[in-house]
Amino acid sequence: MSSSSDYPPILDGSTIRSKNTELAVEKHINKILLIEDNPADAKMVQLFLAESGLEGCTLNVKQTLTQGLEEIGKSNDFAAVLLDLSLPDSSGFQTLEKLLNAYPNMNVIVLTGHSDKKLGLDAVKYGAQDFLVKGSYDVDIFAKTIRFSIERKKFYDQLQEARLRYQNIFTNSKDGIYVCEFDGSLIDFNKSTSEIVGYEANELEQFNIKKLFADNEFWDNFLERIQATNNVVEEEVDITCRDGNIKHCIISASKMEYGSFNGVNGFITDITEKKLAEKLREDRKIADKTNALKEQFIASISHEMRTPMNAILGMSNLVLKTDLNEEQFNYLSSIKQSSEILLGIVNDILEISSIQNGKIKFDYENFDLHELLANLLSVMQYKVFEKNLSFQLDINPRIPKYLVGDKLRLNQILYNLVGNAIKFTDDGLIRIEVIELNESHGSWHVQFMVEDSGIGIPGDKIGVIFETFTRIRSKERIYEGTGLGLSIAKNLVEYQGGKIWVESTVGEGSRFYFDLIFEEGEAPDAAKPILESLDPNTTYSLLLVEDHAINRVVATQTLKKQFPNIQMQIAVNGKEAVEKVKESDFDIILMDIQMPIMDGYEATQAIRKMDNEKSKIPILAMTAHANIKENERYKDYGMNDFVLKPFEPEQLFHKISTYIKLQETN
Ligand code: ADP
């Protein structure tokens, strides 16, 4: 054995490393604490440790229990504490008691003298890991005991780590985690469980889980399944929370058996919101589907109504151009006027349907405010004149002439309000006033007012006139109208971020206001130069594709009256049209869209695919589909433009002229 001088002296608090320390540094350091006041005994331990062959051990020596406890308190990561029971500040069994009370999981190896071997045995019974009798243990026994401590410490550390990991999952899980006995008595639960069910943690300590289920039979049936399958069982269940609210949850459970415990553990997940969102999505889907069907229905009804209206209006136009006596002329004019009103109604219904489906689109472009208002007045002029009303327009001169906005929609709103003002006023004045509410950085907040001196609106009706289909009954008056105009106007204003409201006194008149914000604009691009109308005597060839017999007559006669030299051919469906185009040359084609056998889109596509000049013939869609402009499908299929049925003869002539002249100039 080497002499003691080979070893560094033991100092209070000094650290001595065993021989293999250099190699072990990287691995793991096993800290050992020796609490011993006898330097000789301490030296002995030091020697044995050096000889033990244990890797990476450090020895820390303290002379009193107080110092020892203090040292453990600093890090509490000693693999073993070698404890002499007779110390200056504590002696006998209580030395161990004090240490184990403070650190119950510590691996304590008690060092006893020969005389008190029994003390060592008692110490082990009390919780010490082992005991060594001074003077009678050798290096091997020492090494074995310490190695056992190290292993025990490692195992304990791992266990502790795993415990913390699971503790963490348990505590922080968003799902409720519970453990209970078969009869439902709750044994353990996490924070989320208490949050889901709304009971405080202390209220859940003596709690039966059965109390949570809205269905009294639930737990027994659930348990039966758990017992039968031995696997995780999952079920949707309604849970009654502490405040009486019902939550929709998923509860899972599996059997849990360890030691003497027999019971169940599992999860509770709150799916109330998920369910609700699911239901909303489902409802939404159904509503969307219903709305789409409704919209489709209205669009096709509108198409079906416009087709015969085209015949009525077209024929009226034709007859009005013949020699009629005054009586005949007046009757026919009434037919025409009534048809136009009917058409307005069809348009309104279609418009409100697309508004309700959120299909409304706005086109912002430069426009001339003054021109817009002047046009409006000129359209309304004859009605105002008919009723002998006076008409006044006041525009605040500060408001720029050119603005950026949706001029068609603005026109539509004003047209509705001014139309109503005229309709509900028998004598007096209609006045439009445009004022500036505010201006900042080129943004103009503008207020429009349409004032009349008409019948006025009763106070109790003011709140409802902007709703769909509201019309105020009046014994003295019969009004045409659907009660949709103001509702459309309101939607058009509000979709653009504005407000619309009315002030009115019965018998005195009404003032309708609305406000919108416009950016200051510039002069709109000069409108395309209006090409001169085609000389009526021009000879040109036209193919009319139309399946509706009367509408064929209307179009043919209208065109022949205007262009006596026109060469017209007729096809009654798309297939026939394609054949005619192959056989003859045309300057222009008027193409109905909805037709049997082959529709106008397909026919146009076929013509556009022809490998000669014919593929370039101008094709105008002629359709009763009022939404043709919005969906622009006609463009996708290669049509140049469209004419909406019922058509205004002038508009039809204008479009024909434009495309024939364009073709000539190309
Ligand atoms: P309608 O197509 O029936 O005119 P509106 O939605 O435009 O539908 O108007 C709804 C109702 O509000 C009208 O039927 C009428 O009773 C009332 N109303 C609207 N404008 C005026 C007005 N300028 N003067 C009096 N009553 C009006």
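Every heavy atom of this structure was used, including side-chain atoms; hydrogens, water molecules and symmetry mates were not. Whatever order the structure lists them in is the order used to number ligands and atoms, beginning at 1.
Residue-to-ligand polar distances place N420 within reach of ligand 1: an N/O pair is separated by less than 3.5 Å. Among the atoms of G483, some N or O lies under 3.5 angstrom from an N or O of ligand 1. Distances between N or O atoms of I457 and those of ligand 1 include no value under 3.5 Å.
Under the 30°/60° scheme for interplanar angles, the aromatic rings of Y634 and F642 are found to stand perpendicular.
Between the side chain of S657 and the main chain of S533, no donor-acceptor pair closer than 3.5 Å is present. When atom types are taken as modelled, the side chain of N640 and the backbone of I619 share a donor-acceptor pair closer than 3.5 angstrom.
Distances from ligand 1 to the non-hydrogen atoms of F466 include no value under 4.0 Å.
In K423, the part holding a heavy atom less than 4.0 Å from any atom of ligand 1 is the side chain. At a 4.0 Å heavy-atom cut-off, ligand 1 touches D452 through the side chain alone.
Listed by number with element, the atoms of ligand 1 under 4.0 angstrom from any heavy atom of G485 are 5 (P), 6 (O), 7 (O), 8 (O). Less than 4.0 angstrom separates some heavy atom of L484 from each of these atoms of ligand 1: 6 (O), 8 (O). Ligand-side atoms of ligand 1 in range of S510: 24 (N), range being under 4.0 angstrom from any heavy atom. In the vicinity of G456, heavy-atom distances shorter than 4.0 Å reach the ligand 1 atoms 25 (C).
The existence of a salt bridge linking R511 and E451 is confirmed by a sub-4.0 Å separation between a basic side-chain nitrogen and an acidic carboxylate oxygen. Under 4.0 Å is where a charged nitrogen must lie from a carboxylate oxygen, and between K247 and D238 no such pair does.
Ring centroids of Y540 and F563 are separated by less than 6.0 Å, placing the two rings close together.
Under the ring-ring contact (aromatic ring centres under 6.0 Å, His included) criterion, the residue pairs touching residues 301-326 are H303-H625, with sequence neighbours excluded.
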